[in-house]
Structure formats: structure tokens, C-alpha cells
Amino acid sequence: MTERGRPKIPTLPIKQTSFRLAHPRIGWTTHRVKASVVFALLVACFSAALSAAISAARADLAFTEVAAVTLDGQGRDASAEILAIDQRSNTVYVINSATSTLERFALLHDGRGTPDPSYELRPLSPINLSLGEGKALSVAGSVSLRNDARPSATTSKSAMATSVDVWPDEDLVAVSMARLDDQTDLPPNGVVLFFKMASGELVHSVEVGHHPDMIRFLHTPSRGLELLVANEGEPHPTGKYNGSGSLSIIEMGSEISPLTATERWRTHQLSIINPETVVTGTIRSEYAREDWPKDLEPEYIAVSRDGSNAYVSLQENNAIATIDLNQQTVIRLFSLGVKDHSKPRDTIDTIKSDKTWQLKAMPIKSYFMPDAIATFEQRGNSYLVTANEGDTRGGSAQNDVIKVSDINCDARSTLPAWHTRRNLKQLSKLEVDRLSILEHPMGCPEQITAFGARSISVWDLERESLIWDSGDHISKIVAACLPAKQYDKRSTKRGAEPESLALWESGERLIAFVGLERGDGILAYDLTQPERGEYIGGIFFKDRRHRGPESMVFLPDETDPDRGLLIASFEYTGTLAVFSIEHRASHPIPSTPCPN
């Protein structure tokens, strides 16, 4: 795969670090212990245990926030969603769902080469993304509609932007739009809008599958320029319709300028599974294989280095699909299996009412259920990194959530291992998979499974197997750095929810940044040796100025392989922030694991 349109960022002078993360050294002395302070001592003991658990982390990575801006919600709470960057002009594009606009910011620095350069995110004119009710949009190419869908441009009642990507070589920025229609029982197709980057002018639109959730430009010498679209096919909130998961490939060809020949664009619609697809493991679905298209939900796209294969996370189904892009077919589907929380390094907190951190080994399992994924290669092997956020269909017509306390085991003569008085006290409010309950003849299964592994993982793509997982480290670092009073309430759901990913490849070194949607932080792991990932730093926003990192992009500094910029959008605060990142192996060890 060529790197047309994705050059390195121009030389950026990077500010020196102001704080670092490393392993803590916590201790205390006491002469008398009264009954009134026993609980406090227990909490202190737990903190010391957490400190010991993360003591192997090195102080290798430093974060410094160098610029930030809050999006304008125009009377509503702004929400900074997916972002992309034109590295030629240093223009950042970010979706603002509150205003249905694509915000644009120029990333500037003073350029004087001073030791302490200043940065700025300067607002540019936004691009309006509102489709408008009843307005027809032109449909390009040969869009193949499925049996359960029809053109919906004249019936759509609302639409929301879901993803953005840029291709500077052709002055193109693309935005996917998902439609919601309350006046039909058929799932409306989504649409991708194409704009000129410089002017923001709408130049083309292409209809795709139901509920497009991610888009990605790709250029290869043999196929030219393409846009890959993961169509999640989410059901209507009330169950009026249920779309099919699919992948759209918009072929723009190898023209010198594709925009001069949009009539030649072609769109291929792929079902996320076909009769020839090889399936490995148990795919999480309530349907038989022939009906899986109604249930499989493509979420996120990663691409092999040579552009021959695409990998798509099926989050709700706990699986990864492999697409042969040359043959335009889904060739493999493999289950990610489950994580065993009875193991010492996979402890879990399942209580929120006590507002304290209580990580324990418990006789339960959890699905990995990744959101963001990314590929990389080391020593000729291909790997996949996953941010194991977890997700449910709770609150919808396809509700798949049940609390442990609502599982009735009265009909069983022999109770499963998780169903003891002591365990139920810990597990009663935990949300687990309802599908396994429905499948068991007595409604009381041997195993209960929660949503999301609360970790970051590395998978061998050839063997389709797990080779490394961060275990309970994310939970432990969150417990050491954030107050339980505010954050423990997520313990019965999916914890800190690692959601977004960005990779930094520099020579043989590979670093993965993972954003914690409910942990208000960004952590970094060295994956240079994929089988032995290592935590090397991070940043938490205790003042809650940034909450819910939704999307991240890393920009390497072309003059210094140990420095770069990490740009992140934050959903719940509607903020966009830029962090200077410095990699050094000689950082001193501070007295706390958390940045000030």
C-alpha cells in the first residue's frame, strides 16, 4: 500500500515534558489503630497493593498538554466525536454532533524554534453536515441495495455524522451519515458526503449500507483510491426495523483526479458473512448462521500494511472479520473468546454501591468486545491491537443485559460455582449477558459473562489467537489514580471502557495509546515485543477538563524519533486537545503513579 496523501507532519518543535507517570512508592506508619479507622486502613492497604501491582512500569513516556479548545455547542452540550487530520496543512477535522457540523482547526505553533514553543488550535469555518428532511441526495455509481433496504433520501427524518477521513492528494474529506427513519419499517441506507478540503464545498455523495459507523480511505497501486465503509446495521431503538451489517467499498479508480470522473465511481456492497466464510470459535449471536447478517454489527476498520486485507471488529458479536479486498469478499470470521476473571492478574471490581475500589478474582468471564482496532507488523508477523471496551444493546428492543440478581436458579438442584451467598453479594448488580441465560433450559447457566474485558490486547492474525492482554492493569491504574467516589459507579457495567487507539511506530519500537472513555485518561503501552506488552506512561484528567476520549491521532516528529504529538477528541466535554509526547528511558521516578 502506498502512502499517498499521508505524509509525515512538518517539523514541529516539541515542548519539554512537565510531568510523568511511573510506578509509585507508597508507605505509612501507625502507632495505634482505632475501630473508626479500620476501614481507612483497609483502603490504604488496597492502595499499597495497587502500587505494588503497577510497580514494574517504567517511566519512559511523558505527556504535556500544549493546546486545547472547546467546541461550540450553540446552546447545547458540544460533543467532539471522530477526528482526522490533513498532515500537509496541519488542519484538524472533528465531528461536532451537537451542531451537525464538521469543525475545522488549524494546528499552529510559533515556529521560532524556541525551547518553549506555543501551540494553538485556531478555528476555521465549519462544514455543515445537515442533510435536511425530505431532501434528495444524488447517488453515484452502481449502489446495490439489499432486499431489506431501499433508497431513503426522501423519507429520512434525522441523520447523524458518524465518521470522517481525509485524502489530501485529492483535496477530499469524507463524512459518513447514518439515517434514522420513524416512518418506515425498512432500514434506511446511510450516505457518505464528499467535500473539498480547502473550500468545504460538497462535491459528491454516495449511498451505502444501513448505519455506516466508520470510513477509511485506502490507496493501492493495483486498485487505486477506495473508501471502505463499515455499516453497523443497528436496529431501530423501538425495533421497527433491523438492518444488516455490511461493508461498502467505494471505488474511485486510478484517475489523476477522481473528482473529474465521479460518474465512474462504483460502490460494492458486501455482506459481512457469506456461505464460503470460514468461521472459527463461537460467534456471539442469538441467530442461526444463515440469519447472522441481521445480527452482526461491523464497528471499526483496520487494514494490513500492503492493503490486501481489511479487518473489521464486530463489537456486539465479540468477533473479527477478515476481508480480502482484492477479491472483495469476507473470507474469515473468528471469535475472540472470553476472559477468565478468576485468575489473579484478571481481577475485577463488580460493586459500585460502596464507592471504593475492590478488585478481586471472581468466578465469572467477560467478552473482549473491542471498539477500536489497529494492525501492525513485527518480524514478518501480522498483529491486531484491540481496545476492549465492551458494548450492550440494553435499553433497546434487542435488550441483551440482565443483572446477576435477576437470574433465577431456583429450578436447579446443583448450583453453579458463581451462585454462592458470598459471590452473589459481590456480583448482584453486575450486568451480564442475557443471551446465555435464555439459552439455558433452566435459565441458570454454569457460566455468566460480562461485557468488555477492560483491557488492551494483541492478537496474532495468522493464528487468530491472543498473545498478550493487559489483564487488570487498566483497572488497577484507574483505582490508584482516580477517586472511587466519582468513578466506581462504572464497576457494575464495563469499568473504564478502553475505547480509542492510536499507534506510534518509530523504527522497531511500537507504542499503543489507548483512550479510556469512562476513565478520563489516556494510557500508553510499549508493544515492541508483542507477547510482552509493557505499560510506560499516561495522563489522567482529574479536574475533568477532558472527559471521554473518543478518537485519537498520533503525529510523529520527523526530526526526532522520540517525540511527536497526540491529538485527541473528547466526547463528553466537547474538547479537542493536543499533547506533546516524549519517549525517554531515563526519566526519574516520581513519588506518585499519577500526573499532577
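Atoms CZ and CG, on R454 and L516 in that order, are 12.5 Å from each other to the nearest 0.5 Å. Note that NE2 of H210 is 9.0 Å distant from CD of E232, once rounded to the nearest 0.5 Å. Taken from CZ in R494 to CG in D391, the straight-line distance is 6.0 Å, to the nearest 0.5 Å. Taking CG of N231 as the start and CD1 of I272 as the end, the distance is 9.0 Å to the nearest 0.5 Å. Atom CZ of R518 sits about 9.0 Å away from atom CD of E499, to the nearest 0.5 Å. The OG atom of S271 lies 11.5 Å from the CH2 atom of W292; values are rounded to the nearest 0.5 Å.
At least one side-chain heavy atom of L180 sits under 4.5 Å from a side-chain heavy atom of H236. A heavy-atom distance below 4.5 Å is not found between the side chains of L247 and V330. F334 has its side chain out of reach of V278: every pair of non-hydrogen atoms, C-beta onward, lies at least 4.5 Å apart. Residues L102 and N96 fail the side-chain proximity criterion, which asks for heavy atoms closer than 4.5 Å. Two residues are said to be in side-chain contact when any heavy atoms from C-beta on lie closer than 4.5 Å; Y525 and H473 meet this criterion. In this structure, the side chains of I456 and W468 come closer than 4.5 Å at one or more pairs of heavy atoms. Between H219 and E226 there is no side-chain heavy-atom pair separated by less than 4.5 Å. Within the 4.5 Å cutoff, no side-chain heavy atoms of I364 are placed close to those of V432.
Taking the six-membered ring for Trp and the full ring otherwise, the centers of F194 and W167 sit at least 6.0 Å from each other. Note: W504 and F554 meet the aromatic proximity criterion, with ring centroids under 6.0 Å apart.
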Chi angles and distances behind the salt bridge (Lys or Arg N to Asp or Glu O under 4.0 Å) call for D165, R216: CA-CA 6 Å; D165 201 10; R216 175 166 180 161; 5.7 Å; no
Start with the C-alpha distance between L83 and I567, add both sets of side-chain angles, then the distance that settles side chain to side chain contact (heavy atoms under 4.5 Å, CB included), and finish with yes or no. CA-CA 9 Å; L83 68 85; I567 305 175; 4.2 Å; yes
Evaluate the side chain to side chain contact (heavy atoms under 4.5 Å, CB included) criterion for residues E297 and E234: first the C-alpha distance (whole Å), next the side-chain angles of each, then the deciding distance (0.1 Å), finally the verdict. CA-CA 7 Å; E297 297 188 8; E234 279 193 346; 3.9 Å; yes
Could you check D169 against R88 for salt bridge (Lys or Arg N to Asp or Glu O under 4.0 Å), going step by step and ending with a plain yes or no? CA-CA 9 Å; D169 269 12; R88 290 185 172 181; 2.6 Å; yes
Between T277 and N274, is the side chain to side chain donor-acceptor pair (under 3.5 Å) condition met? List the steps. CA-CA 5 Å; T277 303; N274 56 66; 3.1 Å; yes
Under the salt bridge (Lys or Arg N to Asp or Glu O under 4.0 Å) criterion, do R179 and E207 qualify, and how do the steps go? CA-CA 11 Å; R179 289 178 170 126; E207 195 161 280; 3.6 Å; yes
Would you sort out whether K196 and D171 count as a salt bridge (Lys or Arg N to Asp or Glu O under 4.0 Å), showing the intermediate values? CA-CA 6 Å; K196 287 186 176 180; D171 189 34; 5.8 Å; no
Report the C-alpha separation of Q315 and Y300 in whole Å, then their side-chain angles, then the decisive distance to 0.1 Å, and conclude whether the side chain to side chain donor-acceptor pair (under 3.5 Å) test is met. CA-CA 8 Å; Q315 186 173 24; Y300 205 95; over 6 Å; no
Give the intermediate values and the outcome of side chain to side chain contact (heavy atoms under 4.5 Å, CB included) for residues V173 and V164. CA-CA 7 Å; V173 54; V164 59; 3.8 Å; yes
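Within 6.0 Å of CZ in R345 there are more than 12 heavy atoms belonging to other residues, nucleotides or ligands. The neighbour count for E290 CD, taken as heavy atoms of other residues, nucleotides or ligands under 6.0 Å away, is above 12. Counting heavy-atom neighbours within 6.0 Å of R463 CZ, excluding the residue itself, gives a total of 12 or less.
At distances below 3.5 Å, not a single donor-acceptor pair connects side-chain atoms of S455 with backbone N or O atoms of D469. Distance alone, capped at 3.5 Å, is enough to place a donor-acceptor pair between the S285 side chain and the Y287 backbone. Looking at N318, its side chain does come within 3.5 Å of a backbone N or O of M369 through a donor-acceptor pair. In terms of modelled atom types and a separation under 3.5 Å, the side chain of D324 and the main chain of Q327 share a donor-acceptor contact. At distances below 3.5 Å, not a single donor-acceptor pair connects side-chain atoms of T91 with backbone N or O atoms of D86. Side-chain atoms of S335 come within 3.5 Å of backbone N or O of G337 as a donor-acceptor pair. In this structure, the side chain of Y241 engages the main chain of D181 through a donor-acceptor pair within 3.5 Å. Between the H341 side chain and the D346 main chain, a donor and an acceptor come within less than 3.5 Å of each other. In this structure a side-chain-to-backbone donor-acceptor pair under 3.5 Å is missing from T375 to A302. Between the side chain of S457 and the backbone N or O of T386, no donor-acceptor pair lies under 3.5 Å.
Applying the ring pair (Phe, Tyr, Trp, His ring centres under 6.0 Å) definition to pairs two or more places apart or across chains, those involving residues 367-390 are F368-W459, F376-Y383.
Residues that satisfy the side-chain hydrogen bond (donor to acceptor under 3.5 Å, both in side chains) test with E446, not counting sequence neighbours, are R412. With sequence neighbours excluded, the residues forming a salt bridge (Lys or Arg N to Asp or Glu O under 4.0 Å) with E464 are R332, listed by chain and number.
Remark: D340 engages K365 in a salt bridge, criterion side-chain N to carboxylate O under 4.0 Å. The pair R284-D400 counts as a salt bridge, with a side-chain nitrogen and a carboxylate oxygen less than 4.0 angstrom apart. At a threshold of 4.0 Å, the pair R393-E316 does not count as salt-bridged, since none of the basic side-chain nitrogens sits closer than that to a carboxylate oxygen. Using a 4.0 Å cut-off between a side-chain N of Lys or Arg and a carboxylate O of Asp or Glu, E286 and K294 do not qualify as a salt bridge. Using a 4.0 Å cut-off between charged side-chain N and carboxylate O, K493 and E431 make a salt bridge.
Here the closest heavy-atom approach between residue A496 and residue I474 is recorded as CB-CG2, 4.2 Å. The two residues P530 and R379 come nearest to each other via the heavy atoms CD-NH2, 3.6 Å. Contact record, N317 with D295: ND2-O, 3.2 Å, taken as the closest heavy-atom pair. When all heavy atoms are compared, the tightest approach of V303 to L228 is CG2-CD1, 4.0 Å. The two residues E299 and M214 have their closest heavy-atom pair at O-CB, 3.7 Å. Residues S79 and S97 come closest through the heavy atom pair CB-OG, 3.1 Å.
Looking at I215, V192, D213 one by one, the single match for side-chain contact (heavy atoms from CB on, under 4.5 Å) with S163 turns out to be I215. For the side-chain contact (heavy atoms from CB on, under 4.5 Å) with V206, the qualifying choice from I250, T262, L227, L193 is I250, the only one to do so.
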